[in-house]
Amino acid sequence: DLDYGRIFVLAGSPGMTGAAALVCNGALRSGAGLITLGIPKSLNSIMEVKLTEVMTQPLPETREGTVALKAFNEIMPLLKNQDVLAIGPGLSQHPETKRLIRKLILHCPIPLVLDADALNALVEYTEMLAKIKSFVIITPHPKEFSRLFRVPISKVQQKRKDFALHYALKYNITIVLKGHKTIVAHKKRSFVNTTGNPGLATGGSGDILTGIIASFIGQGIDPFRASQYAVCVHGYAADLAVKDKTPISLIPSDLLDYLPRVFKTCGL
């Protein structure tokens, strides 16, 4: 497991356990060696059943059952033995959970993959991105990008590559701007992905992408390259799946079944 990466995933809340499961399964199917899922303690038994190959870490929770701020003191020591932290899917927008997310992001000693509610926690706190000491990858869809950087969504869609490059350079982060022809931007470099299809426009497919990116980083791939390859692999899995499932019937978990075929064709 040391060779193939140790990944800590912080995801899930009541009603959103599927998001946590999809991240972890995406990472597993992409070769991750050892995955630990941090989850509100009342959801632990559910995740123990949903995820056979993933270790779970029950964490203190709020009255509403989301991860509480005091979970910070339990998570930080665990990160010393991890290679990457994936954070956000299904965590909720509970104010206390958002405070935990921001505190973790600022103090995290390992590379970060931020998605979904981790990005929501940074709305109105975007300047924090410049203060993070570890390598950061954010994976917004256009609406999340618009909220985070306060750019009208219509403008974002008109000049996707330009905006992604601008903010990647400004905050010294890697941006994976999802959507048709996903953009991966880092410093002055950009990559436009050509795999994928409209069947990916279903809630949950982005969670799998987060898991794939985290898995590749855990395996020692440069984070910019890891992001490029992850979006390509993710889209290619969808292209294979859609031939059997059709765009209207494609669901995110279908991608997990096609990832082995992608790796058999492309390698790592």
Side-chain angles (χ1 to χ4, degrees), residues 6-28 32 34-125 128 132 134 138-140 144 203-215 218 252-253 256:
R6 292 173 179 259
I7 297 166
F8 193 92
V9 176
L10 186 65
S13 61
M16 297 292 283
T17 57
L22 288 169
V23 177
C24 293
N25 282 323
L28 279 170
L34 204 62
I35 300 172
T36 304
L37 171 65
I39 195 80
K41 63 182 179 182
S42 62
L43 297 179
N44 189 66
S45 58
I46 294 169
M47 301 314 295
E48 291 268 22
V49 174
K50 286 176 81 79
L51 295 168
T52 305
E53 297 91 353
V54 173
M55 296 186 297
T56 59
Q57 179 69 38
L59 294 169
E61 59 186 32
T62 64
R63 285 185 182 178
E64 291 75 18
T66 67
V67 184
L69 182 59
K70 62 182 178 182
F72 178 83
N73 292 330
E74 293 189 22
I75 294 169
M76 284 302 291
L78 296 171
L79 296 183
K80 292 176 183 175
N81 296 317
Q82 305 292 321
D83 296 306
V84 59
L85 170 62
I87 180 170
L91 277 177
S92 86
Q93 296 194 51
H94 189 288
E96 185 176 333
T97 305
K98 287 164 85 170
R99 290 200 297 276
L100 168 69
I101 292 166
R102 290 192 291 268
K103 191 172 181 181
L104 272 175
I105 286 170
L106 273 182
H107 293 89
C108 183
I110 55 177
L112 282 157
V113 184
L114 308 180
D115 186 25
D117 287 325
L119 301 178
N120 290 328
L122 288 172
V123 173
E124 308 297 335
Y125 295 87
M128 272 183 58
I132 301 170
S134 49
I138 66 169
T139 63
E144 289 168 336
S205 65
D207 302 330
I208 292 175
L209 176 62
T210 294
I212 299 171
I213 294 171
S215 175
S253 57
L256 301 170

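For the numbers below, each heavy atom of this structure counts, side chains included, while hydrogens, waters and symmetry mates do not. The structure displayed is predicted, hence computed values, not measured ones.
In this structure, the separation between CG on Leu37 and NZ on Lys50 is 11.0 Å, given to the nearest 0.5 Å. Note that NZ of Lys41 and CD of Gln57 are 12.5 Å apart. Values are rounded to the nearest 0.5 Å. Here Ile75 contributes atom CD1 and Ile87 contributes atom CD1; the two are 7.0 Å apart, rounded to the nearest 0.5 Å. The CD1 atom of Ile208 sits 12.5 Å away from the CD1 atom of Ile213 when rounded to the nearest 0.5 Å. One finds the CG atom of Leu10 at 6.5 Å from the CG atom of Leu85 (value rounded to the nearest 0.5 Å). Distance check: Arg99 CZ to His94 NE2 gives 8.5 Å after rounding to the nearest 0.5 Å.
The shortest heavy-atom contact between Ser92 and Thr66 is OG-CG2, 3.3 Å. The two residues Pro89 and Asp207 make their nearest non-hydrogen contact at CB-OD1, 3.4 Å. Nearest approach of Glu144 to Asp115, heavy atoms of both residues: OE1-OD1, 4.4 Å. Gly203 approaches Pro252 most closely through the heavy-atom pair O-CG, 3.4 Å. Counting all heavy atoms, side chain and backbone alike, Ala32 lies closest to Ile7 at CB-CD1, 3.5 Å. Summarising the geometry of Gln93 relative to Lys98, their closest heavy-atom pair is O-CD, 3.3 Å, with the distance given to 0.1 Å.
A 4.5 Å side-chain heavy-atom check between Leu78 and Thr36 finds every atom pair outside the cut-off.
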Next on the checklist: side-chain contact (heavy atoms from CB on, under 4.5 Å) for Leu51 and Ile35? Distances and angles first, verdict last.
Outcome noted: CA-CA 10 Å; Leu51 295 168; Ile35 300 172; over 6 Å; no
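Between the Asp83 side chain and the Arg6 main chain, a donor and an acceptor come within less than 3.5 Å of each other. Side-chain N or O atoms of Glu96 include none that pairs as donor or acceptor with a backbone N or O of Ala68 at under 3.5 Å.
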Report, one line per pair, each donor and acceptor closer than 3.5 Å where one atom sits in a side chain of residues 101-111; sequence neighbours left out.
residue: Arg102; atom: NH1; partner: Ala121; partner atom: O; Å: 2.8
residue: His107; atom: ND1; partner: Lys103; partner atom: O; Å: 2.9

All N/O donor-acceptor pairs, side-chain side in residues 11-28, below 3.5 Å, sequence neighbours left out:
residue: Ser13; atom: OG; partner: Gly90; partner atom: O; Å: 2.7
residue: Asn25; atom: ND2; partner: Ala21; partner atom: O; Å: 3.2

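Across Leu122, Thr139, Thr210, a single residue satisfies side-chain contact (heavy atoms from CB on, under 4.5 Å) together with Leu114, and that is Leu122.
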